[in-house]
Amino acid sequence: MIHFTCDGCQRPINLEEELRYVVRVEVYAAFDGEESHDSDRDHLQEIEDILEALDELDDQECEEEVFQQVRYDLCGDCRKKFLRNPLGRLSTGRVGFSNN
Ligand SMILES: [Zn+2]
């Protein structure tokens, strides 16, 4: 049996009692100037093209600059917390927007 641990609270997720949620975050550079003229091309294809173009540089760091994908397993509680605050802004002590 596969065991999952919540990446939010480090708690083991008991799949017999609760749901496991997967968060996938894709961060990629937006090349606005490269706006494709044919709408058939999807984002993945564009990213592949960009990575191919960078291939000659043979630079792993450079590829990470262009495209990164992160995956998290979350329990139900952490899923709610994540959706309320996807960018983790509360953890910096800034709650909401102030009036000044
Ligand atoms: Zn959790």
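The analysis underlying the following values was restricted to heavy atoms, covering all of them including side chains, and did not include hydrogens, waters or symmetry mates. Order of appearance sets the numbers: ligands from 1, and atoms from 1 within every ligand.
When each of Asp73, Thr5, Asn14 is paired with Arg20, the side chain to side chain donor-acceptor pair (under 3.5 Å) condition holds for Asp73 and for no other.
Through chains of ILVMFWY side-chain contacts below 4.5 Å, Val27 is grouped with Leu19, Tyr21, Val23, Val25, Val70, Tyr72, Leu74, Phe82, Leu83.
Taken from CZ in Arg24 to CZ in Arg71, the straight-line distance is 8.0 Å, to the nearest 0.5 Å. Rounding to the nearest 0.5 Å places NE2 of His3 at 12.0 Å from CD1 of Ile13.
Between Glu46 and Glu48, the closest side-chain pair of non-hydrogen atoms is not below 4.5 Å. Looking only at side-chain heavy atoms (C-beta outward), Cys75 and Glu18 come within less than 4.5 Å of each other.
Protein contacts to the Zn ion (ligand 1) involving N, O or S atoms at a distance below 2.8 Å are Cys6 SG, Cys9 SG, Cys75 SG, Cys78 SG.
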